[in-house]
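The structure appears right after this line, and notes come after that.
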Amino acid sequence: MNVRCSFEMAQSLRSALYKEWAKRVFAIECSSNSEPLYFALNPTPQGPWDENSCLHQLLTRAQTYSVCIASDNKITGAESYVRLRDQLSRLPERCRVMELMAFSPNQQGSLIKGFLIQDDQHLKETERVLQELVRADGQTALCSYTRDDGGRIWQRLRLLTAGQEREVSCNCICRADRPQLHPSVLNIKNSVIFCKYEDAYGVLAECVGMVPKAKDILQLADQCDRTCRKGPFPVIAIEGLDATGKSTLTEALRNSIQATLLKSPPDCIGHLRKTFDAKPPPVRRAFYALGNYITASTIASVSEKSPVIVDRFWHSTAAYAIATEISGKVDNLPPLHHELYQWPQDLVQPDLVLLLTVDAEERVRRLERRGEMRTKEEIELEANSLFRQKVEATYRRMENPACVVVDASVSKEEVLRNALLVIKKHCDSEQT
Ligand SMILES: Nc1ncnc2c1ncn2[C@@H]1O[C@H](COP(=O)(O)OP(=O)(O)OP(=O)(O)O)[C@@H](O)[C@H]1O
Ligand SMILES: Nc1ccn([C@H]2C[C@H](O)[C@@H](COP(=O)(O)O)O2)c(=O)n1
């Protein structure tokens, strides 16, 4: 595709997208622990407005801008977002940068991510850097915020059209209600959670140009028999945060129940983890999703001959993807029974999933013993991480099969004894 053609495509996409701009709701995340501030737009003046409201105070206390990435392609859109975030480091140091989301409530896939930028010294330098970002990338839109004599705040959307920056939309800001679901839930399905083999496969196929190694994974996936089912022996997945004792337990179980030990992602693609971990979220998560399907075909054949223990499987893929995408508090996670917590229908299901849990301090002690933790600050950060709380909360919400929680804070021998009791109870009752 030549440059002119791709530029024109970007322009027509932007015009389509920004026509609906004024119907969107916006959320500003001032900190990871607080409720976002929501606002909507209206082309006619709105008011009067409570000048003491948090939103009014936030938007009027400094020169304010926002930048958003609009793309109809989840891979290039995610890449541009990461690039934009990195480029914001060019802003003068005093600028405050917060996450901003623009979305249509209840509309799947409608979330546009961006940033709100504030400069309390009102310097031209900030605007200049932002304008350069917009000029360098056909997907970025810049808004500025101004207060009129009546105390109302206006958002002005500016786009680059035929090389000229023009104001294409000017709307008065008004309050909006908190939506039922946190806006970051809107873009998870098919973007970082793939509920079907074809969806994950499609993303890796699309990114072969960006990551040539994706071809090797596609070839391995092509060789897997996807029609086969699990054999008669039990299949048990072991899940949990890092250093909760998964490897220790899986090894011990292998010896006590003469099981075959598998893991996801499997060894045949394990060497590519670093490569894919560094890619934009859709590509990274598609790698792990497809890895599960490759492991699943081995599970199907091995469970014909022996019990199978799998070190991490679908629940890890879903829990880490959801916890990473949902910004802010644990309360922002999708509610119980949400479709994101369901097992993919085309993926071989384990008979039992054990979730190992360890309190944060004990986990840090174990990481320290492994030589992976150093300073007191790191230990505190690790112990309080909101992210870890979200991963564990997500594990606990997974369904069909749900996780059976095993307290892994006790001695290795006791963890094994407890796990064996659960396995016996569960697998015996399955067979009767
Ligand atoms: N029940 C236990 N009591 C004390 N220490 C334990 C226990 N289980 C495991 N450990 C120790 O904790 C550390 C982490 O255990 P392990 O490697 O099994 O965790 P993991 O969940 O597989 O970690 P990762 O996901 O990071 O690979 C190891 O040093 C291990 O010896
Ligand atoms: N089936 C899997 C296995 C792993 N992951 C991802 C989730 C985390 O980002 C990371 C944790 O694995 P560890 O390094 O602790 O073995 O790998 C996944 O998404 N799906």
Side-chain angles (χ1 to χ4, degrees), residues 188 191-194 197 200 203-204 217 235 237-255 261-299 309-325 340 343-344 347-350 353-373 382 385 387-388 390-392 394-395 398 403 406-420:
I188 292 189
S191 185
V192 290
I193 294 275
F194 303 101
Y197 172 88
V203 169
L204 286 199
I217 302 168
V235 174
I238 309 294
E239 296 284 11
L241 284 158
D242 55 336
T244 47
K246 295 181 299 302
S247 306
T248 306
L249 178 65
T250 52
E251 299 278 349
L253 284 174
R254 167 168 55 190
N255 300 333
L261 196 50
L262 299 178
K263 61 180 168 190
S264 182
D267 286 336
C268 58
I269 61 167
H271 62 289
L272 296 173
R273 285 182 74 170
K274 261 201 174 142
T275 305
F276 282 90
D277 279 346
K279 298 297 166 207
V283 177
R284 178 183 187 190
R285 301 301 169 191
F287 165 78
Y288 283 105
L290 213 58
N292 289 326
Y293 286 95
I294 298 173
T295 296
S297 87
T298 316
I299 291 177
I309 304 293
V310 201
D311 190 343
R312 291 199 190 272
F313 201 27
W314 170 258
H315 283 357
S316 278
T317 308
Y320 280 83
I322 294 172
T324 308
E325 286 307 300
L340 294 174
W343 192 269
L347 181 65
V348 168
Q349 268 194 22
V353 183
L354 298 183
L355 172 64
L356 304 190
T357 61
V358 165
D359 62 67
E361 291 72 23
E362 171 61 13
R363 236 188 93 254
V364 170
R365 275 194 290 276
R366 290 184 190 179
L367 282 168
E368 268 187 299
R369 262 184 253 129
R370 273 201 323 202
E372 288 175 14
M373 300 292 295
E382 174 70 9
S385 157
F387 171 68
R388 279 201 352 278
K390 284 189 280 188
V391 175
E392 196 167 303
T394 310
Y395 271 131
M398 300 303 297
C403 297
V406 171
D407 175 13
S409 308
V410 292
S411 72
K412 294 178 185 179
E413 295 71 24
E414 253 178 290
V415 177
L416 174 62
R417 242 189 333 268
N418 292 338
L420 284 170

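Counting convention: from 1, in listed order, for ligands and their atoms alike.
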Please identify which atoms of ligand 2 are closer than 4.0 Å to at least one heavy atom of Pro265. 3 (C)

Does the N or O separation between Phe313 and ligand 2 drop below 3.5 Å for any pair? yes

Look only at the side chain of Glu239 and the backbone of Leu356, and say whether a donor-acceptor pair between them is shorter than 3.5 Å. no

Between CG of Asp311 and NZ of Lys246, what distance do you get to the nearest 0.5 Å? 6.5 Å

Sidechain-backbone polar pair: Ser385 side chain, Phe387 backbone, donor-acceptor under 3.5 Å: yes

Below a 4.0 angstrom heavy-atom separation, can you tell me which part of Thr248, side chain or backbone, both or neither, approaches ligand 1? both

List ligand 1 atoms under 4.0 Å from Thr244, heavy atoms only on the residue side. 19 (O), 21 (O)

For ligand 1 and Asp311, I'd like to know whether there is a polar contact (N/O to N/O, distance under 3.5 Å). no

Can Ser411 be said to touch ligand 1, with heavy atoms closer than 4.0 Å? yes

Minimum distance, heavy atoms only, to atom 9 (O) of ligand 2: which one of His315, Arg312, Arg284, Lys246 is it? Arg284

Which of the numbered atoms in ligand 1 are below 4.0 angstrom from a heavy atom of Val415? 1 (N)

Trp343 vs Phe313, ring-ring contact (aromatic ring centres under 6.0 Å, His included): CA-CA, chis, key distance, verdict: CA-CA 11 Å; Trp343 192 269; Phe313 201 27; 5.5 Å; yes

Could you tell me the residue and atom name of the protein heavy atom closest to atom 20 (N) of ligand 2, and the distance to it rounded to 0.1 Å? Thr317 OG1, 2.7 Å

Are Tyr288 and Asp277 linked by a side-chain donor-acceptor pair shorter than 3.5 Å? yes

Near Ser247 (heavy-atom distance under 4.0 Å), the atoms of ligand 1 are 18 (O), 20 (P), 22 (O)

Strictly distance-based, threshold 3.5 Å: is any side-chain N or O of Thr295 a donor or acceptor partner for the main-chain N or O of Lys263? yes

Under 4.0 Å, heavy atoms only, figure out whether ligand 2 is touched by the backbone of Asp277, its side chain, both or neither. neither

Sub-4.5 Å side-chain heavy-atom contact between Phe287 and Arg273: yes

Is Arg366 paired with Glu362 through a side-chain N to carboxylate O contact shorter than 4.0 Å? yes

Out of Tyr288, Phe276, Tyr320, indicate the one that has the non-hydrogen atom closest to atom 6 (C) of ligand 2. Tyr288

Answer with yes or no whether the side chains of Tyr395 and Ser316 bring together a donor and an acceptor at under 3.5 Å. yes

Checking a contact table here: which protein heavy atom is nearest atom 3 (C) of ligand 2, and how many Å away? Ser264 O, 3.2 Å

What atoms of ligand 2 come closer than 4.0 angstrom to any heavy atom of Asn292? 1 (N)

For atom 10 (C) of ligand 2, state which one of Glu239, Lys263, Arg273 supplies the nearest heavy atom. Arg273

Number the atoms of ligand 1 from 1 as they appear, then name those within less than 4.0 Å of a heavy atom of Arg369, with their elements. 5 (N)

I need the Thr394 OG1 to Lys390 NZ distance, nearest 0.5 Å. 8.5 Å

So is Val410 touching ligand 1 or not, going by heavy atoms under 4.0 Å? yes

Quick one: does Gly291 get a heavy atom under 4.0 Å from ligand 2? no

Distance in Å, Leu347 CG paired with Phe194 CZ, rounded so as to fall on 0.5 Å steps: 14.0 Å

Backbone, side chain, both or neither: what part of Arg312 comes under 4.0 angstrom of ligand 1, heavy atoms only? side chain

For ligand 1, which atoms sit closer than 4.0 Å to a heavy atom of Ala243? 14 (C), 19 (O), 20 (P), 21 (O), 23 (O), 24 (P), 25 (O), 26 (O)

With no hydrogens and no angle check, just 3.5 Å: does a side-chain donor-acceptor pair link Ser191 and Arg285? no

